[in-house]
Amino acid sequence: MRPSDVRKPSAGGGGVQSLERAFSLLEHMADAGGEIGLSELAVTSGLPLPTIHRLMRTLVSCGYVRQQANRRYALGPRLIRLGEAAARPLATWARPQLARLVEETGETANMALLDGDEVVYVAQVPSRHSMRMFTEVGRRVLPHTTGVGKALLADLPEEQVRALLARTGMPASTERTITTPDAFVRALRTVRERGYAVDDNEQEIGVRCIAVRVPDSPTATAISISGPAGRVTERSTERFAPILRAVAGDLSAALAGP
């Protein structure tokens, strides 16, 4: 992790320091794939080991963290309920912007989050075309197979991306799926250069998807449009990508607002 990634409790504003530190530890655990050791937490958080140990004991007793047989710590099941409850209002709030994407592109619009090592779809507004794409809200997929996955991982340090891929593996969904870490890292460089990601028949043959990350979102979030490859062509991508970036910028501004 880069030094700039280390989260520090706020200096003022009346915050409760132990609460800020506990949430910071949970976020570092999520960044590590959901499981981590105390020494690793000390390095990434910058907190002393006695403080980390005390906070982790409290989180374990509350069910938000569990201790594994190997003495490492993993995110606990009580977080699942909180995450699902938080995703529901987020989807409602984002729906008008997704509807705008459908109006301007004609294709199905999606919103997805990075949850641990997986991508989870949290909102969708379908295209009005009779032939359209449909992804069930709540569906989880591996990041390497999707446009939203590429958009979500493109800004992460390469070592974090490779660690994630090592944990998940890279099974092929189609013959077009990227299945090696080196090729995927190269694809992420292209995403950064272009400012958008493409799933070109990689998750499902006959389907193309264009995705961008929502900048400065509190949790890693991406939006996309998907449709038949005959409509979402390379030529139409040049028109759709700026629309996606504009909507992502508006979503980011709304998140930063009061």
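Count residues from 1 along the sequence.
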Inset, instruction - Check the pair Glu234, Arg208 against side chain to side chain contact (heavy atoms under 4.5 Å, CB included), reporting the backbone distance first and the verdict last. - result: CA-CA 9 Å; Glu234 290 187 16; Arg208 291 187 88 243; 3.9 Å; yes
Minimum heavy-atom distance between [X] and [Y], given as atom pair plus value:
| X | Y | answer |
| --- | --- | --- |
| Ser173 | Thr145 | OG-CG2, 3.7 Å |
| Leu26 | Leu79 | CD2-CD1, 4.3 Å |
| Thr105 | Ile225 | OG1-CG2, 3.8 Å |
| Leu41 | Ser45 | O-OG, 2.6 Å |
| Ile178 | Phe184 | CG2-N, 3.5 Å |

Is the closest side-chain heavy-atom distance between [X] and [Y] below 4.5 Å?
| X | Y | answer |
| --- | --- | --- |
| Cys209 | Val198 | no |
| Val60 | Thr58 | no |
| Leu59 | Met56 | yes |

Inset, instruction - Dump the intermediate steps for side chain to side chain contact (heavy atoms under 4.5 Å, CB included) on Glu40 and Met29, then the final yes or no. - result: CA-CA 10 Å; Glu40 296 168 72; Met29 293 180 70; over 6 Å; no
Side-chain ([X]) to main-chain ([Y]) donor-acceptor, under 3.5 angstrom:
| X | Y | answer |
| --- | --- | --- |
| Thr221 | Thr219 | yes |
| Ser24 | Glu20 | no |
| Thr179 | Met170 | no |
| Arg213 | Ala222 | no |
| Thr51 | Leu47 | no |
| Ser236 | Arg231 | yes |
| Ser252 | Pro215 | yes |
| Gln160 | Pro157 | no |
| Ser217 | Val214 | yes |
| Asp117 | Thr168 | no |

Legend entry - Verdict with supporting geometry, Arg139 and Glu118, salt bridge (charged side-chain N to carboxylate O under 4.0 Å, His left out): CA-CA 10 Å; Arg139 182 186 180 196; Glu118 297 177 315; over 6 Å; no
Strictly below 4.0 Å, N to O, side chains only: are [X] and [Y] in salt-bridge contact?
| X | Y | answer |
| --- | --- | --- |
| Arg176 | Asp199 | no |
| Lys150 | Glu202 | yes |
| Asp250 | Arg245 | no |
| Arg100 | Glu104 | yes |

Legend entry - Tyr196: which of Val191, Val212, Leu244 passes side-chain contact (heavy atoms from CB on, under 4.5 Å):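 Going through Val191, Val212, Leu244 one by one, the side-chain contact (heavy atoms from CB on, under 4.5 Å) with Tyr196 is satisfied by Val212 alone.
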Legend entry - side chain to side chain contact (heavy atoms under 4.5 Å, CB included) evaluation trace for Tyr121 with Val141: CA-CA 9 Å; Tyr121 289 91; Val141 296; 3.9 Å; yes
Legend entry - Pair Gln68, Arg66: side-chain N/O donor-acceptor within cut-off below 3.5 Å: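 A pair is found: one side chain offers a donor N or O, the other an acceptor, under 3.5 Å apart.
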